[in-house]
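Remarks on the structure that follows.
For clarity, every value in this text was computed on a predicted model and none was experimentally measured. A, B, ... follow the sequence lines: proteins, then strands. Residue 1 opens every chain.
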Number of protein chains: 2
Amino acid sequence: MHIGTKGDYGVRALIDLAMYGGEGPVQRTEIARRQHIPDSYLDHLLAQLRRDGFVRSTRGPGGGHQLTRPADEICLLHVLESLEGSLAPLPCLEDDESGEPHSVCAQQWVWREIYDDMRARLAAVSLADLAAREQERLRSAVASYSI
Amino acid sequence: MHIGTKGDYGVRALIDLAMYGGEGPVQRTEIARRQHIPDSYLDHLLAQLRRDGFVRSTRGPGGGHQLTRPADEICLLHVLESLEGSLAPLPCLEDDESGEPHSVCAQQWVWREIYDDMRARLAAVSLADLAAREQERLRSAVASYSI
DNA sequence: ATGATCCTGACTAACTTAGTCGTGAATTCG
DNA sequence: CGAATTCACGACTAAGTTAGTCAGGATCAT
């Protein structure tokens, strides 16, 4: 695995929707501005997230993007796998549906546990959790300004 | 992180040395043949492992490569970090000596635990452990042939 | 209709990966 | 010594990935 800007930006976009999406659709340009993401790139990330059913979009004036489910029902694991593809650190751990058994490699047994544990931890974190942390981070940043 | 052929081949080369290096130096071409690694590529990997003090090489006829320490004193973590560079899944977790504090990202707190856990597990596995597993794998492969 | 907004695919530059190849340097043996 | 053997090192390359940009089309509220 390796979380690049896709995973970083994409997750932040969803956190943004979790935080500001209460009052109807949020526009892409607004997310891009708030999260410092290139607008044209965010476009692609939202398209991917829509394909995988995390967001719903409406066009036309007043349109924008919304989460399809409550933020506490969306887990980080699924979001990252949507944005980045498989998170497997070794090709031989990839879970492909083709049924082809991947070749065994010398370190497989070590990484199997690490990978399973990683996925379990990521599955235990929801967008709501991330949004709460972000909220707290913003609060403390403002506090430190006002000192 | 992402373990590519560097990490796979390099570790297998060291396992090979752990298994067959008891009787003096092992030649690169011999490792390459046994482990199915392109000879000229293995060259680079051994160079890296030598730079980081995992193997010692001697030239000339009868020369080859040897582990610098007993196989149970070399852990997988250090070997992989030598071959692949930092295993951090996010740039913000990279431990650089420059002292520059990397930017914080939204998911950092989740990955911090995962990364620490991963490193601990990799540090707990030695080349001797890997060699023992490989020995067992070979044994059972031979056994299944003779049925 | 029109203007806001999302949607899609083509394109690109920089970087990484997985090597190959050629030459040089050290060591041993006859 | 000199030839054979083995490692040592750097230049080069092809393919794939990443991180975008850009142009044009589709959809919808008003």
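Going from atom CD1 of A/I114 over to atom CD1 of B/I114 covers 11.5 Å, rounded to the nearest 0.5 Å. Rounding to the nearest 0.5 Å gives a distance of 15.0 Å between CG of A/L14 and OH of A/Y9.
Non-hydrogen atoms lying under 4.0 Å from DNA chain C are contributed by A/R50, A/S57, all within residues 47-57 of chain A. DNA chain C lies under 4.0 Å from at least one heavy atom of each of the following residues of residues 23-33 of chain A: A/Q27, A/R28.
Remark: B/R59 engages no residue in a side chain to side chain donor-acceptor pair (under 3.5 Å) (not counting sequence neighbours). The salt bridge (charged side-chain N to carboxylate O under 4.0 Å, His left out) test applied to B/R139 returns B/E136, not counting sequence neighbours. Every residue two or more places apart in sequence or in another chain that forms a side chain to side chain donor-acceptor pair (under 3.5 Å) with A/E134 is listed here: A/R137. In this structure A/D116 satisfies the side chain to side chain contact (heavy atoms under 4.5 Å, CB included) test together with A/R112, sequence neighbours excluded. Residues meeting the side chain to side chain contact (heavy atoms under 4.5 Å, CB included) test with A/D43, sequence neighbours left out: A/R28. Partners of B/S57 under the side chain to side chain donor-acceptor pair (under 3.5 Å) rule, at least two apart in sequence or in another chain, are B/R50, B/H65. Taking B/A120 as the reference, nothing meets the side chain to side chain contact (heavy atoms under 4.5 Å, CB included) condition, with sequence neighbours excluded.
Atom P of nucleotide D/dT17 and atom CG of A/L83 are separated by 17 Å, given to the nearest angstrom. Following rounding to the nearest Å, A/I37 (CD1) and D/dG20 (P) show an atom-to-atom distance of 10 Å.
In this structure, B/S126 contributes its side chain and B/I74 its backbone to no donor-acceptor pair below 3.5 Å. Although no hydrogens or angles enter the test, the distance criterion places no donor-acceptor pair under 3.5 Å between the side chain of A/E81 and the main chain of A/L87.
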Using a cut-off of 4.0 Å between protein heavy atoms and nucleotide atoms, how would you tag nucleotides 21-30 of chain D 5' to 3' with B, S and -? BB--BBBBS-
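Once you apply a 4.0 Å limit to the heavy atoms of chain A, the touched nucleotides of DNA chain C run 5' to 3' over C/dG3 to C/dA10.
Sorted by first and then second residue, the side chain to side chain donor-acceptor pair (under 3.5 Å) pairs involving residues 10-27 of chain B (not counting sequence neighbours) are B/D8-B/R12, B/D16-B/R34, B/D16-B/Q35.
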A/R121 vs A/D117, salt bridge (Lys or Arg N to Asp or Glu O under 4.0 Å): CA-CA, chis, key distance, verdict: CA-CA 6 Å; A/R121 283 181 196 262; A/D117 194 79; 3.1 Å; yes
